[in-house]
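Here is the structure we will look at.
Just so you know, these numbers use all the heavy atoms, side chains as well, and skip hydrogens, waters and symmetry mates.
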Amino acid sequence: MRKSEIGLLEMNSKLAAEILNQFGGKSFFYMVGGKDLCINDDNCLQFKIGRNSAAVNTVFVGLRADDTYYLKFSRVWWSNKDFERKETIKKEFEGVYCDQLAELFRETTGLETRMPRIVGFNA
C-alpha cells in the first residue's frame with residue numbers, strides 16, 4: 001500500500017527515532033538482529049530482522065495522523081531470474097497503538113523484544 005492509501009505522516013529522523021523507542025530502543029534492535037534501518041519512499045521506517053519462525057525478514061512501520069501505527073511484516077528478496085525485487089506480505093496491521101507494538105512484533109515473529117531480568121539469584 002502507498003502512503004496516500006493509508007494516510008501516513010511525513011517521516012523524519014526524529015519521528016523514526018521515537019518509533020524505534022516505542023519498540024524498546026537500541027536493546028530491541030540488538031535483540032531481534034536488526035540492521036539496515038532507513039526511511040523508505042512510502043514514509044515508513046523500514047528495517048531488516050534476523051531469522052525467525054514466521055520467515056519475516058523486513059518490517060515496515062508508519063505513523064498515521066490519528067496517532068496510530070501501521071505495521072507490515074514481509075519477506076523481501078531479489079529474483080535472480082528477472083533481477084527485480086519480490087515481496088510476500090506475511091502480516092499487516094492498521095490502527096495499532098504504541099503499547100501494542102512490541103507485543104504484535106513478538107506474536108508475529110516469535111522473537112523476544114526485551115532482555116529478561118534476573119532478580120535475586122542466590123546460590
Closest non-hydrogen atom pair, Thr58 against Gln46: CG2-CG, 3.9 Å
Identify every side-chain donor-acceptor pair in residues 11-18 under 3.5 Å, counting partners at least two apart or on other chains, and give the distances.
from: Asn12; atom 1: OD1; to: Lys14; atom 2: N; distance (Å): 3.2
from: Asn12; atom 1: OD1; to: Leu15; atom 2: N; distance (Å): 2.8
from: Glu18; atom 1: OE2; to: Gln22; atom 2: NE2; distance (Å): 3.4

When rounded to the nearest 0.5 angstrom, what is the spacing between CG in Asn21 and CZ in Phe28? 11.5 Å
Between Val96 and Tyr70, is there a side-chain heavy-atom distance shorter than 4.5 Å? no
For Arg51, look at atom CZ and say whether over 12 heavy atoms of other residues, nucleotides or ligands are found less than 6.0 Å away. no
Approximate separation, where rounding is to 0.5 Å, of Ser27 OG and Arg114 CZ: 6.5 Å
Quick check on the hydrophobic clustering: are Tyr30 and Ile19 connected, directly or via other members, by side-chain heavy-atom contacts under 4.5 Å? no
Distance-only criterion, 3.5 Å: show the donor-acceptor pairs between side-chain atoms of residues 101-109 and protein atoms not counting sequence neighbours.
from: Glu103; atom 1: OE1; to: Arg106; atom 2: NH1; distance (Å): 2.6
from: Arg106; atom 1: NH2; to: Thr113; atom 2: OG1; distance (Å): 3.2
from: Thr108; atom 1: OG1; to: Leu104; atom 2: O; distance (Å): 2.8
from: Thr109; atom 1: OG1; to: Phe105; atom 2: O; distance (Å): 2.8
from: Thr109; atom 1: OG1; to: Leu111; atom 2: N; distance (Å): 3.2

Spacing of Lys91 atom NZ and Ser74 atom OG [to the nearest 0.5 Å]: 13.0 Å
Which pair of non-hydrogen atoms, one from Ser79 and one from Lys86, has the smallest distance, and what is that distance? CB-CE, 3.6 Å
Mind checking the OG1-CG spacing from Thr68 to Leu63? Nearest 0.5 Å is all I need. 7.5 Å
If you define the side chain from C-beta out and look only at heavy atoms, does anything of Phe23 sit under 4.5 Å from Phe29? no
Where Ser53 and Gly110 come nearest, the two heavy atoms and their spacing: OG-CA, 4.4 Å
Could you check if a side-chain atom of Leu71 sits within less than 4.5 angstrom of a side-chain atom of Phe60, using non-hydrogen atoms only? no
Distance-only, no hydrogens or angles: does the Asn43 side chain make a donor-acceptor pair with backbone N or O of Asp41 under 3.5 Å? no
Expected output: side-chain Asp36 to main-chain Lys48 donor-acceptor under 3.5 Å: no
To the nearest 0.5 Å, tell me how far Asn52 CG sits from Phe73 CZ. 9.5 Å
Do Lys72 and Glu87 come within less than 4.5 Å of each other through their side chains, counting heavy atoms only? yes
